[in-house]
Amino acid sequence: MAEVVLKNVTKIYEGGNIAVKDVNIDIKDREFVVLVGPSGCGKSTTLRMVAGLEEISQGEIYIDGKKVNDVSPKDRDIAMVFQNYALYPHMTVYENMAFGLKLRKYDKNEIRTRVSEAAKILELEDYLERKPKALSGGQRQRVAVGRAIVRKPKVFLFDEPLSNLDAKLRVQMRTQISKLHQRLNATMIYVTHDQTEAMTMGDKIVIMKDGIVHQTDSPLNLYNHPVNKFVAGFIGSPAMNFVEGKIIAEDGVNFRSKNGDVSLMLNPAYQERLKGYTGKNVFMGIRPEDIYDSNSFADRPGYEKLSVQLDVVEPMGNEIFLYFYLDTNQFVARVPSKEMPRAGQLQSIWLDTGKLHFFDAETEKAI
Ligand code: ADP
């Protein structure tokens, strides 16, 4: 059992910089939780407080029900994998993995068994006698993970472990770490700035910005029910499109963007939800995958047709990204790869009016 609980945790660095503000996170036994957010949002600081590498200014952290604020890192039964791997260059792979156990005075045979097990899981058996400089980036990364595994800790902490790897290797390691989580059945806390990593790996995702937790939820709930405009724009790639406008009560029109490029009739469910907003400013959001072109669309009720001039056309192979402007905002649509339209041409597109998101223009909270 290894639950981790953060209660009203705040970190104020010397000089008064508040890096983490009143953060509450409940991590269940065996859960894979991802802390994600833009650079500087406080995710590493949060992880380092769990590890005991940073002091907690206010609040409490509990591991397995035990308050650990004043417990030293080595007594917290956690293992951390860093972005730069932090391997000892003069030691072999075997020695790097064994080092932590040696320090803790484990029996030689026990060390050998544990390192062999980890090397097998991570497919490092053929490299045990090599030094780190004779390994590829991906292999070094696996050694860093191996060093954590041999400790059999209650909790694994990962701080951007894949960001030094190239794109292809990152995808491979992502699936390896997910498999490792299933195999070890351990509690894992993983920090990244990459929303794709967060979405694909996390059982639960904690989205942070400016030291504050904005939303804690499952990947699908974050995607379908973002609590505010920041979360809506952060999760999903390409990002959600936004345009500012007003809720109005005119014949057949319920949302009109500022410059009038978008005028929509809303379905009864949205009308009900937005009725308190008549006359008020809101942001409308729609994801690129909820905009269709004539190749992906058969005229159906519930879809609003607009005519746009294409600004940029990006062929992705399996699909095409169409960029255009509505009011002064750049929009992008993801459409199937059939005919290749040209930049500059006029194009009909359809918005799925069942998939719109609305946000209060002042608070940016979801309506
Ligand atoms: P992230 O991991 O999300 O990129 P960090 O937790 O590293 O963010 O940093 C959060 C904020 O705290 C940033 O504004 C950063 O500049 C600041 N910060 C980080 N470490 C220190 C430090 N040792 N002293 C002062 N400020 C720091």
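Counting convention: from 1, in listed order, for ligands and their atoms alike. Values reported hereafter were calculated over all heavy atoms of this structure, with side chains retained and with hydrogens, waters and symmetry mates removed. Remember, predicted model here, so these are calculated numbers, not experimental data.
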**Request:** Please examine the side chains of Asp203 and His181, heavy atoms only from C-beta on, and report whether any two atoms are closer than 4.5 Å.
**Result:** yes
**Prompt:** Tell me the salt bridge (charged side-chain N to carboxylate O under 4.0 Å, His left out) pairs involving residues 5-18, sequence neighbours left out?
**Reply:** Lys11-Glu54
**Prompt:** Can a non-hydrogen atom of Gly37 be found less than 4.0 Å from any atom of ligand 1?
**Reply:** no
**Request:** Pull out every atom of ligand 1 sitting under 4.0 Å from any heavy atom of Cys41, numbered as shown with elements.
**Result:** 1 (P), 3 (O), 8 (O)
**Request:** Answer yes or no: does an N/O atom from Ala19 fall short of 3.5 Å to an N/O atom of ligand 1?
**Result:** no
**Request:** Answer yes or no: is there an ion pair linking Glu3 with Lys28, defined by an N-O contact shorter than 4.0 Å?
**Result:** no
**Donor-acceptor side-chain pairing of Asp360 and Tyr277 below 3.5 angstrom** = yes
**Request:** Count the heavy atoms of every other residue, nucleotide or ligand shown that sit under 6.0 Å from CD of Glu55, and state whether that count exceeds 12.
**Result:** no
**Message:** For the 3.5 Å polar cut-off, considering only N or O atoms, please tell me whether Glu14 and ligand 1 meet it.
**Reply:** no
**ligand 1 N/O within reach of Glu54 N/O, cut-off under 3.5 Å** = no
**Asked** Short list, please: which atoms of ligand 1 are under 4.0 Å from a heavy atom of Asn17?
**Response** 12 (O), 14 (O), 17 (C), 26 (N)
**Asked** How close does the nearest protein non-hydrogen atom get to atom 26 (N) of ligand 1, and which residue and atom is it?
**Response** Tyr13 CD1, 3.3 Å
**Prompt:** Does Lys229 count as lying over the ring of Phe242, i.e. NZ or CZ under 6.0 Å from the six-ring centre, within 45 degrees of the axis?
**Reply:** yes
